[in-house]
Asker: 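Before anything else, here's the structure in question.
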Number of protein chains: 2
Amino acid sequence: MARILDVAKHAGVSVASVSRVLAGLPGVSEVTRERVMVSVKALDYHPDLAARRLRSRKTDTLGLIVSDIRNPYFTEVSRAIEDVAYANGLRVLLCNTDEDPEKENFYLDMMRDENVAGVILSPTLALLSRYRAADYAFPVVLVDRCESNSDADAVVLDNVDAAQRLVQHLVDNGHRRIAFFYGAASATGRQRLQGYQNTLAAAGLTPISQALKPTTEEARVMIRQYLERHRQVPDAVVASSGLILLGLVEGLREANLRYPDDLALAGFDDMPWTRVVTPGITVMAQPTADIGRSAIELLLARIAQPAQAMRRIVLRGDLCIRGSSIKPAA
Amino acid sequence: MARILDVAKHAGVSVASVSRVLAGLPGVSEVTRERVMVSVKALDYHPDLAARRLRSRKTDTLGLIVSDIRNPYFTEVSRAIEDVAYANGLRVLLCNTDEDPEKENFYLDMMRDENVAGVILSPTLALLSRYRAADYAFPVVLVDRCESNSDADAVVLDNVDAAQRLVQHLVDNGHRRIAFFYGAASATGRQRLQGYQNTLAAAGLTPISQALKPTTEEARVMIRQYLERHRQVPDAVVASSGLILLGLVEGLREANLRYPDDLALAGFDDMPWTRVVTPGITVMAQPTADIGRSAIELLLARIAQPAQAMRRIVLRGDLCIRGSSIKPAA
DNA sequence: CTGTTAGCGCGTTCAC
DNA sequence: GTGAACGCGCTAACAG
């Protein structure tokens with residue numbers, strides 16, 4: 001591999017001049033700039049990033065720490081982040097925590113060791129409860145999860161509002177006994193529970209909520225258990241996430257219950273399959289591309305302006321009404 | 001930040017001893033090892049990776065270049081790769097190419113600049129046709145796509161066999177006019193087309209194949225166009241990928257055609273929704289976790305043994321028969 | 001078993 | 001406008 005010294009010799013200038021040209025700094029005559037560029041091409045010179053990073057103490061690398069990249073929500077958010085990173089010549093380090101605080105901690109340590117420019121993180125509940133931006137050597141933008149009072153840069157859905165509108169839609173369609181299956185391990189699940197409770201209280205209805213591990217399999221099992229233990233089937237069931245929603249659909253199917261005939265169904269996240277099942281499923285869609293793009297833009301802004309005040313970007317969900325929530329005329 | 005010299009001073013030893021202890025090298029007395037460890041804790045010392053990489057000329061970083069992380073296939077493969085990387089203390093750099101050779105080239109260049117230990121790549125067709133492992137400064141393992149004659153480390157499905165078994169299943173169930181919608185932009189799509197053609201030829205049937213851009217939207221549009229242009233609806237339609245399959249389902253639904261009553265349906269990739277629609281959709285499932293795990297293990301083996309012969313790991317698909325492919329009794 | 005020291009390749013003063 | 005020289009923090013070769 002050609003080094004900067006090789007280029008300098010080839011061009012008949014000093015390494016300092018080469019460095020200046022490469023960095024686009026002023027104070028170099030047009031002639032030498034030209035000669036350097038020619039030599040760079042000729043030798044197929046590529047700066048050594050390790051050396052450059054050691055010297056400059058910067059990395060052009062971002063960390064992306066999500067709980068599970070298989071969750072379509074994070075998949076789409078990641079995609080948007082990667083797009084913007086590409087456009088800015090940044091690298092993205094991908095990490096999965098599995099909602100495991102230990103793994104999360106490991107990766108956060110790794111980010112410090114890597115000396116990343118910044119991190120986009122969907123924190124576990126354990127971390128979020130004691131999260132302080134000042135604890136990290138790098139800027140952090142929280143995604144998907146954030147306490148409403150926390151001092152952090154974050155991009156989140158307006159979860160309370162979104163849940164309220166989704167549940168209100170069910171109330172408006174005449175459903176009274178509305179059950180809520182939510183992921184208890186995240187701030188998001190709890191905020192959506194709050195919205196659900198608000199709406200039910202306002203309507204004078206009794207809440208029926210079921211906390212669970214936010215996985216498809218868990219939701220499938222829990223809905224079946226619920227149906228076995230209670231003689232009266234609810235009018236409607238709402239899932240606090242797309243993964244849980246999928247589990248509910250599987251469980252209801254196994255229990256030979258049909259929607260919307262036997263009970264109505266609704267949930268979060270506009271996953272592709274919610275459109276192709278018959279009838280389609282009513283969901284609160286999250287603007288995942290916007291969330292991802294906003295997150296990395298917020299991070300880049302923070303990197304450029306380390307001192308500016310913390311910002312929370314709250315996005316509005318989009319209610320997609322389909323057949324699953326409309327009570328049959330009968 | 002504490003440097004290695006600080007630790008050395010604190011422990012009353014030389015930097016060399018500290019370096020040896022940190023690297024776990026032999027030739028250090030138990031006493032000094034102990035003292036060093038204590039000082040490392042006391043100073044909260046973390047080695048500077050940039051310096052270490054500059055000196056050692058290694059990075060402990062892998063590149064993962066896929067065409068689109070939103071495709072559940074790549075999502076699951078990525079997840080498996082990330083898991084193994086975590087277990088081995090490796091970092092993963094994530095990149096999306098969008099099937100764009102220019103982006104692919106950009107990222108491959110980036111990998112060289114990053115001096116990664118190795119790369120896992122799902123190549124564009126443009127690259128695959130001229131791919132030579134020797135062209136890269138780092139080991140590469142191809143995933144999902146590989147010509148059968150190419151000199152490369154690779155992990156792929158046995159596409160020809162998988163397509164044959166899937167199509168044979170349709171033939172066995174009495175379908176005669178079987179259409180095949182496939183992604184023409186990838187080697188994978190073409191290999192599956194080959195399997196489809198083999199089976200139809202063996203059964204004495206006439207192939208009806210439709211090449212398309214391998215996206216859901218494109219598939220939705222193409223199936224509708226096809227149905228408008230041809231008076232006779234096929235007995236069955238097969239998709240060469242999960243994304244295309246989803247588009248077909250959407251298109252058929254818009255055209256008010258029902259499966260399996262009006263025509264049978266089958267495809268690749270066991271996506272979650274293929275189980276929850278009614279009836280379920282018959283698919284050739286790919287062992288995505290195995291594919292990802294095999295890919296990174298193959299890469300690590302190659303890194304450890306740069307000279308060993310190229311290996312292609314060919315995995316077998318798993319035929320999941322569901323209601324969509326069974327001709328109704330009527 | 002331990003310490004001294006020479007670079008790894010680059011960016012950046014500071015003289016000229 | 002240009003170049004010589006130092007040092008970022010670490011590893012490894014060598015001397016003891």
Side-chain angles (χ1 to χ4, degrees), chain A residues 1-40 43-61 89 91 109-110 112-117 137, chain B residues 1-40 43-61 89 91 110 112-117 137-138:
Chain A
M1 290 294 290
R3 296 154 305 154
I4 198 169
L5 181 62
D6 301 321
V7 177
K9 282 179 181 166
H10 188 275
V13 298
S14 73
V15 292
S17 293
V18 178
S19 181
R20 288 189 190 102
V21 172
L22 263 41
L25 294 175
V28 184
S29 74
E30 198 48 47
V31 239
T32 54
R33 181 178 304 278
E34 200 63 37
R35 298 179 57 160
V36 167
M37 294 311 287
V38 169
S39 299
V40 165
L43 300 179
D44 190 32
Y45 169 73
H46 291 266
D48 184 309
L49 293 182
R52 178 173 281 182
R53 286 168 183 164
L54 171 59
R55 186 64 176 87
S56 70
R57 317 293 339 166
K58 291 179 188 168
T59 58
D60 286 355
T61 302
R91 293 107 230 269
D109 280 352
M110 175 192 281
R112 179 177 40 55
D113 289 353
E114 288 286 346
N115 191 29
V116 294
Chain B
M1 289 294 289
R3 297 152 306 153
I4 198 169
L5 181 62
D6 301 322
V7 177
K9 282 180 183 165
H10 187 276
V13 298
S14 73
V15 292
S17 293
V18 178
S19 182
R20 287 190 191 102
V21 171
L22 263 42
L25 294 176
V28 186
S29 74
E30 198 48 47
V31 237
T32 54
R33 182 177 302 279
E34 201 64 37
R35 299 180 57 160
V36 168
M37 293 312 287
V38 168
S39 299
V40 165
L43 301 178
D44 189 34
Y45 169 73
H46 291 268
D48 184 308
L49 295 182
R52 179 174 279 183
R53 287 168 183 164
L54 171 59
R55 184 56 231 240
S56 69
R57 313 274 42 185
K58 292 179 188 170
T59 56
D60 287 353
T61 302
R91 294 111 230 276
M110 174 191 281
R112 178 178 41 55
D113 290 352
E114 288 286 346
N115 192 28
V116 294
F138 40 79

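All chains are named by letter (A, B, ...) in the order of the sequence lines, taking the proteins before the strands, and each is independently numbered beginning at 1.
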Asker: Nearest to the A:Arg52 side chain among C:dG9, C:dC10, D:dC10, which nucleotide is it?
Answerer: C:dC10
Asker: Under 4.0 Å, counting only non-hydrogen atoms across every strand here, what does B:Val13 touch: a base, just sugar-phosphate, or nothing?
Answerer: sugar-phosphate
Asker: Any side-chain to backbone donor/acceptor pair from A:Ser19 onto A:Val15? Under 3.5 Å, distance only.
Answerer: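 No.
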Asker: Around atom CE of B:Met110, are there more than 12 heavy atoms of other residues, nucleotides or ligands at under 6.0 Å?
Answerer: yes
Asker: Looking at A:Arg55, I'd like to know whether one of its side-chain N or O atoms comes within less than 4.0 Å of OP1 or OP2 on C:dT12.
Answerer: no
Asker: Hey, does A:Ser56 reach any base, or is it just sugar-phosphate, or nothing, if we go heavy atoms under 4.0 Å?
Answerer: nothing
Asker: Short question: side chain of A:Ser17, backbone of A:Val13 - any donor-acceptor pair under 3.5 Å?
Answerer: no
Asker: Tell me which nucleotide among D:dA4, D:dC10, C:dC10 gets nearest to the side chain of A:Ala16.
Answerer: D:dA4
Asker: Ignoring the backbone of B:Ala51, work out which of C:dG11, C:dT2, D:dC10 is nearest its side chain.
Answerer: D:dC10
Asker: Would you indicate, yes or no, if C:dT2 has its OP1 or OP2 atom less than 4.0 angstrom from a side-chain nitrogen or oxygen of B:Ser29?
Answerer: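 Answer is yes, contact under 4.0 Å.
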Asker: Considering only D:dG3, C:dC8, D:dT11, which nucleotide approaches the side chain of B:Leu54 most closely?
Answerer: C:dC8
Asker: So, the side chain of B:Thr59 versus the backbone of B:Asn115: is there a donor-acceptor pair under 3.5 Å, distance only?
Answerer: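 Side chain of B:Thr59 to backbone of B:Asn115, a donor-acceptor pair under 3.5 Å: yes, one is there.
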Asker: Counting only side-chain nitrogens and oxygens, does B:Ser14 get under 4.0 Å of the OP1 or OP2 atom of C:dT4?
Answerer: no
Asker: Remember a base hit wins even if backbone is also touched, and classify B:Arg20 as base, sugar-phosphate or nothing at under 4.0 Å, heavy atoms.
Answerer: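 Here B:Arg20 touches the bases of the nucleic acid.
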Asker: When you match B:Val15 and B:Arg57 each to their closest nucleotide on DNA chain C, which lands nearer the 5' end?
Answerer: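 Its nucleotide being nearer the 5' end, the pick is B:Val15.
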